[in-house]
Amino acid sequence: MNVEMAYLLGMVLGNGTIQRGDNRSRITIDIPHKNIWTDDGLEAKIYVQASLHDIRDIIGPLIGAELDSYREEHSTKISFEKNNNDYLMREIFRMLGWGVRHQTMEFSDELFTMTRDEIKSFVRGFADVTGYIRKSNIAFGKKGAHRVYIEIPTNWDMVIGLANLLKSIDVPVQTIDFGHPNFRDSKLKKYNEGKRNYWKKEHQLKIWANEFMPIGFNIRHKQEALERLSGELLEVMDPEKTHKFYWQRQTGGKKEKPIHPEEEENDESLPLCIRGKHFNKWQELADTLGYHE
């Protein structure tokens, strides 16, 4: 493992697909332009294209093969193809399990043996393809309370694994918006409209902008926004308040949520350890899944 390999693994886990063949396989990484325009009114896809040079410098020598790229309206895709018996491909397969999309890939325990710099590089790769920061990502409606959002597909091991990986380098998660009935449809509004599966959405890890600065982005418009919005946050918030894990913060009284019918359905998309259980706070769910002190 090295920082280049860690970065590539983060990108593949974050938003990659693997097309397996008998002898050769192709790995494609999707870098979305979640918002067509940046907060500065510039086209996000232009920034992504400009960032490809930096990305090629990082992973190009590691891949040792042609790195293709092509741009679509809402994303830029990069891909490469190699023999299955190539060392790099064998390592990627081994580290990610046999999943071919990020929804089904494994978050290997071996990732927790990486060095601090490798972990930061891994998270940066992950965030480059599935993280974002904008002025609208504020907490509690408070001016300047900017956050980085990292979206994770319906992969429960991955959301808890990434939260714990961040913990290992002393980066606290401000909140986790789980793709769970209690938290994505807590008032049963969509359920009562007949949209029973509305809650089956991606998970969102939310991190204070200043806490994410030691990791950063390689996608230029994201890094520029992070630096600017982190500065704005520090004008209104004390870093001692942002640098706290949920178990270090005082919390208010327990607010009861109504029991969502989908909680009691033992849906196979939920981890076995939480099926049929009711959660009032995201912290309770995170603790049960393994993100805790």
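Side chains included, hydrogens not; waters and symmetry mates left out as well; all remaining heavy atoms used.
- Closest approach of A6 to M1, counting heavy atoms only: N-SD, 3.7 Å.
- Between the CE atom of M95 and the OG atom of S108 there is a distance of 4.5 Å, given to the nearest 0.5 Å.
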Carefully, step by step, assess F126 and L162 under the rule side-chain contact (heavy atoms from CB on, under 4.5 Å).
-> CA-CA 9 Å; F126 201 106; L162 189 60; 3.9 Å; yes
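- Side-chain N or O atoms of T130 include one that pairs as donor or acceptor with a backbone N or O of E151 at under 3.5 Å.
- Take W156 and apply the ring-ring contact (aromatic ring centres under 6.0 Å, His included) test, not counting sequence neighbours, and it matches F178, H203.
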Practice problem: Report the C-alpha distance between K206 and V148 in whole Å, list the side-chain angles of each, state the deciding distance to 0.1 Å, and finish with yes or no for side-chain contact (heavy atoms from CB on, under 4.5 Å). | Solution: CA-CA 6 Å; K206 301 179 182 181; V148 170; over 6 Å; no
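- The same ILVMFWY cluster, assembled from side-chain heavy atoms under 4.5 Å apart, contains both F112 and L166.
- Shortest non-hydrogen contact noted between R134 and H146 is O-ND1, 4.3 Å.
- W208 belongs to a hydrophobic cluster whose other members, connected by ILVMFWY side-chain contacts under 4.5 Å either directly or through intermediates, are F140, L233, L234, V236, M237.
- Minimum heavy-atom separation, D157 to F107: O-CB, 4.2 Å.
- Contact annotation: the side chain of I29 approaches that of L8 to within less than 4.5 Å [non-hydrogen atoms, C-beta and beyond].
- Placement of F217 and M213 within a single hydrophobic cluster is found when ILVMFWY residues are connected by side-chain heavy-atom separations under 4.5 Å, directly or transitively.
- Distance CG/L111 to CE/M114: 4.5 Å, rounded to 0.5 Å.
- Under the 3.5 Å distance criterion, the side-chain polar atoms of R56 are matched with a main-chain donor or acceptor of L67.
- For Y246 and W282, the ring centers are positioned less than 6.0 Å apart.
- Between the side chain of R90 and the main chain of N84, no donor-acceptor pair closer than 3.5 Å is present.
- Following chains of ILVMFWY side-chain contacts shorter than 4.5 Å, one can reach F93 starting from M11, so the two form part of one hydrophobic cluster.
- Looking only at distances, a side-chain donor or acceptor of T104 sits under 3.5 Å from a matching main-chain atom of R101.
- Rounding to the nearest 0.5 Å places OG1 of T76 at 6.5 Å from CD1 of I31.
- Atoms OG and CD1, from S121 and I58 in turn, are 6.5 Å apart once rounded to the nearest 0.5 Å.
- Transitive grouping of hydrophobic side chains (ILVMFWY, heavy atoms separated by less than 4.5 Å) brings L205 and I169 into a common cluster.
- A donor-acceptor contact shorter than 3.5 Å is absent between the side chain of S186 and the backbone of F183.
- Remark: the backbone N or O of R24 is not paired with any side-chain donor or acceptor of N83 at under 3.5 angstrom.
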Test side-chain contact (heavy atoms from CB on, under 4.5 Å) on M89 and S25; report intermediate values, then the result.
CA-CA 8 Å; M89 299 300 274; S25 294; 3.8 Å; yes
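- Residues T115 and D117 bring no donor and acceptor atom of their side chains to less than 3.5 Å of each other.
- Judged by distance alone, with hydrogens and angles left aside, the side-chain atoms of Q223 form no donor-acceptor pair with the main-chain N or O of I219 at under 3.5 Å.
- Closest non-hydrogen pair, I160 versus A286, comes out as CD1-O, 4.4 Å.
- Neither side chain, R147 nor N137, offers a donor N or O lying under 3.5 Å from an acceptor on the other.
- The pair K201-D177 fails the salt-bridge criterion, with no side-chain N (NZ, NE, NH1 or NH2) lying under 4.0 Å from an Asp/Glu carboxylate O.
- Salt bridge absent: K195 and D185 never bring a charged side-chain N and a carboxylate O closer than 4.0 Å.
- Remark: E91 engages R94 in a salt bridge, criterion side-chain N to carboxylate O under 4.0 Å.
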field: Worked check of side-chain contact (heavy atoms from CB on, under 4.5 Å) between D68 and I78
entry: CA-CA 5 Å; D68 300 320; I78 58 176; over 6 Å; no
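- Of the charged side-chain nitrogens involved, none lies within less than 4.0 Å of a carboxylate oxygen, so that E232 and K135 do not count as a salt-bridged pair.
- In terms of heavy atoms, S269 sits closest to W199 at OG-CH2, 3.5 Å.
- Taking a 6.0 Å sphere around CD of E193, one finds it holds more than 12 heavy atoms contributed by other residues, nucleotides or ligands.
- Within 6.0 Å of CG on D109 lie no more than 12 heavy atoms contributed by other residues, nucleotides or ligands.
- By the 30° and 60° cut-offs, the orientation of the rings of F245 relative to W247 is parallel.
- Atom CD1 of I152 is separated from atom OG1 of T154 by 11.0 Å, given to the nearest 0.5 angstrom.
- Side-chain contact annotation: N210 with H243, donor-acceptor N/O pair under 3.5 Å absent.
- Counted by atom type alone, T242 and E211 present one or more donor-acceptor pairs between their side chains at under 3.5 Å.
- A donor-acceptor pair shorter than 3.5 Å can be found between the side chains of D30 and S75.
- Residues R220 and D128 are not paired through a salt bridge, judged by the lack of any N-O separation under 4.0 Å between the basic side chain and the carboxylate.
- Connection of F122 to V3 is not established within any shared hydrophobic cluster, with ILVMFWY side chains joined at heavy-atom distances below 4.5 Å, either directly or through further cluster members.
- Of the possible polar contacts, none joining the K167 side chain to the E293 backbone as a donor-acceptor pair under 3.5 Å is found.
- Checked by atom type and distance alone, the side chain of R124 pairs as donor or acceptor with a backbone atom of I215 at under 3.5 Å.
- The two residues Y291 and N164 have their closest heavy-atom pair at CD1-OD1, 3.3 Å.
- The main-chain N or O of H102 is found under 3.5 Å from a side-chain atom of N155 such that the two form a donor-acceptor pair.
- Remark: Q248 CD is packed, more than 12 non-hydrogen atoms of other residues, nucleotides or ligands lying under 6.0 Å away.
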